[in-house]
Amino acid sequence: MTDHAAEPLVSPVNSHNEWDPLEEIIVGRLEGATMPSNHPVVACNVPPWVARLQGLAAGFKYPRMMIETAQRELDQFIVLLEALGITVTRPDAVDHRKRFATPDWSSRGFCNACPRDSLLVIGDEIIETPMAWPCRYFETHSYRAVLKDYFRRGARWTAAPKPQLTDALFEADFRIPEAGEPMRYILTEFEPVFDAADFVRAGRDLFVTRSNVTNLMGIDWLRRHLGPGYRIHEIESRCRTPMHIDTTFLLLAPGKVLVNPEYIDVDRLPDILGSWDILIAPEPDPIDERLLKITSMCGKWLSMNILMIDDKRVIAERHHTEMLRALERWGFEPIPCDLLHYAPFGGSFHCATLDIRRRGTLESYFP
């Protein structure tokens, strides 16, 4: 009997940057969405009156009307992605209202609307991130069927150390710094925590914002994990409540980066970006819908939360006409789509997705 060598596996996971031609993507779900738990790390990133409202509703399911409106837009977005020839994969539907516990605390869940937060793709590796919100502790469980399928087919699958999330991680009596005050963060350096959405990728170079969900220890963990083949550069944000880089600094194509003029001082960007075109995001179009303004978990700069299909085509929010016009002026081909009512669940096109496969190889775009 002759032994035959097993066929080498070809990983279905392959994504090195934000702009190579997109072939497969995970899109989040709204089923079972539950108001996030009443915890200081959740409340610190929203206006005080919104935090009070969220605290009262914490642990209850989102109203059906809010879910149905967002679901209609999400369904249309998925149809658009599939029409563009992109394979769409989904997590399992989960009842996030179920309570869970560790030896130190208990919580209900939140939702799996934003796979960009809990999973980070670097090449053929998919990394489960150590998130700082207790209500998101087991969020990646809804992706386990997908992750196991990718692993069996050849992907590398890693989980960062599961954090304890005890009081030692959070600054007691944290107060949002006023303009002109030194920057403060609610996180201590007790243990590594980070959300994947605080990172954007340009081949061998990653850019990150330290935030109220990503601490220096978390950045250092990823730096050591990736090793000397990668460099991680910190982007300094002027936002007083920083959380996630993709409304602050977004890589669009080789040599082109979109920045938020309210949060970014272009004179303080890393020197490595000196040869790149710095594209200044236009002022977002105002949102007049009162309920949406009250329930949104995101700031006005969600207009920047766009998704590159390749280095020219880009899906952007139909409502934000100034952004659509700016993208055209910069040589891109914007594809308008509706996802405005996804904001109460944590984001827009970039947040709601996770690039799994882009047609390209690992390259260095900087000296």
Side-chain angles (χ1 to χ4, degrees), residues 14-25 76-77 80-86 116 121 197 199-207 209 233 235 237 244-285 300-340 347-355 357-367:
N14 181 72
S15 180
H16 301 281
N17 56 48
E18 308 289 327
W19 59 75
D20 277 341
L22 183 60
E23 295 182 336
E24 181 170 346
I25 200 164
Q76 292 168 5
F77 174 44
L80 171 60
L81 289 168
E82 292 176 336
L84 292 169
I86 298 161
R116 186 79 59 173
V121 172
F199 294 83
V200 287
R201 305 154 306 143
R204 294 192 178 277
D205 291 270
L206 283 75
F207 298 85
T209 46
H233 313 273
I235 298 296
S237 175
H244 299 167
I245 199 171
D246 48 12
T247 55
T248 297
F249 176 97
L250 202 58
L251 303 166
L252 305 184
K256 293 186 177 183
V257 59
L258 179 64
V259 302
N260 179 328
E262 185 179 333
Y263 296 167
I264 294 290
D265 179 350
V266 295
D267 294 328
R268 297 179 67 88
L269 285 171
D271 292 340
I272 198 172
L273 290 161
S275 64
W276 279 44
D277 293 335
I278 309 300
L279 311 176
I280 306 298
E283 185 70 17
D285 293 82
K300 68 177 184 178
W301 291 100
L302 203 56
S303 57
M304 290 179 60
N305 204 253
I306 57 183
L307 177 68
M308 301 306 297
I309 300 302
D310 50 40
D311 61 1
K312 289 294 182 185
R313 295 178 297 168
V314 51
I315 297 177
E317 173 57 52
R318 191 188 312 276
H319 171 83
H320 289 293
T321 55
E322 289 303 314
M323 177 60 76
L324 294 170
R325 292 190 187 105
L327 289 165
E328 283 187 329
R329 287 197 305 271
W330 296 327
F332 295 101
E333 300 170 15
I335 304 171
C337 187
D338 297 306
L339 206 61
L340 206 61
S348 190
F349 301 108
H350 198 255
C351 297
T353 56
L354 178 68
D355 319 345
R357 190 171 63 257
R358 288 183 179 270
R359 191 169 63 252
T361 57
L362 178 60
E363 297 182 33
S364 180
Y365 299 92
F366 302 96

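Remember, it's a predicted structure, so these values are computed and weren't measured experimentally.
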Checklist entry - Rounded to the nearest 0.5 Å, how far apart are NE2 of His16 and CD of Glu363? => result 9.0 Å
Next on the checklist: So Leu252 and Val314, do their side chains get closer than 4.5 Å, heavy atoms only?
Outcome noted: no
Checklist entry - Are Trp276 and Phe366 an aromatic pair by the rule of ring centers under 6.0 Å? => result yes
Checklist entry - Any side-chain heavy atom of Met323 sitting closer than 4.5 Å to one from Pro284? => result no
Next on the checklist: Keeping Glu18 on the side-chain end and Arg201 on the backbone end, is there a donor-acceptor pair under 3.5 Å?
Outcome noted: yes
Item to check | Asp20/Arg359 under side chain to side chain contact (heavy atoms under 4.5 Å, CB included): CA gap, chis, key distance, verdict | outcome: CA-CA 6 Å; Asp20 277 341; Arg359 191 169 63 252; 5.7 Å; no
Item to check | Flag side-chain contact, heavy atom, 4.5 Å: Leu84 against Ile335 | outcome: yes
Item to check | Any Pro261 side-chain heavy atom under 4.5 Å of Trp301 side chain | outcome: yes
Item to check | Ring geometry between Phe249 and Phe207 (parallel below 30°, tilted from 30 to 60°, perpendicular above 60°) | outcome: tilted
Checklist entry - Between the side chain of Asn14 and the main-chain N/O of Arg358, is any donor-acceptor distance below 3.5 Å? => result yes
Item to check | Within-4.5 Å side-chain heavy-atom neighbours: Tyr263 and Thr209 | outcome: no
Item to check | Donor-acceptor pair, side chain of Asn260 and main chain of Thr247, under 3.5 angstrom | outcome: yes
